[in-house]
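To start, the structure itself, in structure tokens.
No experiment lies behind these values; they were computed from the predicted model shown. The chains referred to below are lettered A, B, ... by the order of the sequence lines, with proteins before strands, and numbering in each begins at 1. FYI, side chains are in, hydrogens and waters are out, and symmetry mates aren't considered; it's all heavy atoms of this structure.
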2 protein chains.
Amino acid sequence: MSDQRATIAEAVVAAAGAFTAEELHRSLAVSAPGIGLATVYRALGAMQEAGSVTQVGQRDGSTLLARCGRDGHHHHLVCTSCGRVIAIDCPLGGSLAGREVGDGHVITRHEITLYGLCADCRAHEED
Amino acid sequence: MSDQRATIAEAVVAAAGAFTAEELHRSLAVSAPGIGLATVYRALGAMQEAGSVTQVGQRDGSTLLARCGRDGHHHHLVCTSCGRVIAIDCPLGGSLAGREVGDGHVITRHEITLYGLCADCRAHEED
DNA sequence: GTGTATGTGAGAAGCGTTCTCACTTACGCC
DNA sequence: GGCGTAAGTGAGAACGCTTCTCACATACAC
């Protein structure tokens, strides 16, 4: 792994929540100037393939990513207050695959994105 | 409503399943040539605002739309065989809002996209 | 030293979407 | 009829995100 990729990996860890490639590039411009946008995209692509970074949605037309090394079937809760992304067990208990819904349609796969408040933001809201 | 918008609305109805703006524009180029891509985007935007067309995902970086006039809380099943989009009751029974998950996080909103086979394609598969 | 493989930065290119602009059409008013 | 206004249109430019291209750098094996 090159120095640049290590720096990008650190920046991903440092990012508390979801981020876009450009946001990461901007934050790197401060801590490690000189890393090109293309390099950021390449590194993020590799990390997505490796499974350490996941796509969690879209924002203003750009892809929203987040660090997530979790294995197995799970979904993500995006905190609408701080942007943090939290891995959550499937609220359907994995029972959906193969289930029949409506007039005989059968489900093979599903995608769920949850939005809400993380425990920290919820505690602050209650103050 | 202008002639063009009526034509576009017809094309949306004629489209069996999910489609992109460009696919719709291509199909219009055959049935009603001369309608500009910008007009298609404008009409689809108006239909989205009116609630007769809904965004159901992404394909190759472009937005996937489908006709859906259904009111109330529901989700969409995208048939992976024919591309048809079917409105489905929320498999969570609307019970998720306000529910607490994980370590005290609270959910306010969720998005679910289901993938599978519609009843027709399932019947054909079994042949 | 030489060759090869991999990664890099900069900028161009590609693509989906939106904006701009001149034009047309419909409508109301006199 | 003539006039003004508002809304919609087509064509193409512009925009933003992402990917590609290219020359260069680095590491390693022989």
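When distances run from any side-chain atom of R5(B) to the nucleotides dT18(D), dT9(D), dG16(C), the shortest one goes to dT9(D). For A38(B), taking side-chain heavy atoms from C-beta onward, the closest of the listed nucleotides dT18(D), dA11(D), dG11(C) is dA11(D).
Taking only side-chain nitrogens and oxygens, Y41(A) comes nearer than 4.0 Å to OP1 or OP2 of dT18(D). Taking 4.0 angstrom as the limit, S2(A) places a side-chain polar atom (N or O) nearer than this to OP1 or OP2 of dT8(C). Proximity of T20(B) to the phosphate of dG16(C): no side-chain N or O atom is located under 4.0 Å from OP1 or OP2. Put simply, R42(B) has no side-chain N or O that comes within less than 4.0 Å of OP1 or OP2 on dA7(D). A close approach under 4.0 Å does not occur between any side-chain nitrogen or oxygen of S62(B) and OP1 or OP2 of dT17(C).
In this structure, NE2 of H25(B) is placed 15 Å from P of dT18(C), rounded to the nearest angstrom. Taking atom CG of residue L24(A) and atom P of nucleotide dT18(D), one finds them 12 Å apart after rounding to whole Å. For the pair F19(B) CZ and dT17(C) P, the computed distance is 12 Å after rounding to whole Å. Protein atom CE of M1(A) is 16 Å distant from nucleotide atom C1' of dA27(D), rounded to whole Å. Whole-Å rounding puts the D3(B) CG to dT9(D) P distance at 9 Å. Atom P of nucleotide dG16(C) and atom CG of L64(B) are separated by 13 Å, given to the nearest angstrom. Across the protein-nucleic acid pair, D60(A) atom CG and dC17(D) atom C1' stand 12 Å apart, rounded to whole Å. With rounding to whole Å, Q4(B) atom CD is found 11 Å from dA11(D) atom P.
Of the possible polar contacts, one joining the T80(B) side chain to the G116(B) backbone as a donor-acceptor pair under 3.5 Å is found.
Contacts of L37(B) with the nucleic acid, taken as non-hydrogen atoms under 4.0 Å apart, include base atoms. Using a 4.0 Å heavy-atom distance criterion, G45(A) is classed as making no nucleic acid contact.
With respect to E100(A) and R122(B), a salt bridge is recorded, a charged nitrogen being found less than 4.0 Å from a carboxylate O.
The shortest side-chain heavy-atom distance between L92(B) and P91(A) falls under the 4.5 Å cut-off.
The aromatic rings of H73(A) and H110(A) lie perpendicular to each other, with more than 60° between the two planes, well past the 30° mark.
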| request: Run the numbers on H74(A) and C68(A) for side chain to side chain contact (heavy atoms under 4.5 Å, CB included), then give the verdict. | output: CA-CA 10 Å; H74(A) 68 282; C68(A) 181; 3.3 Å; yes
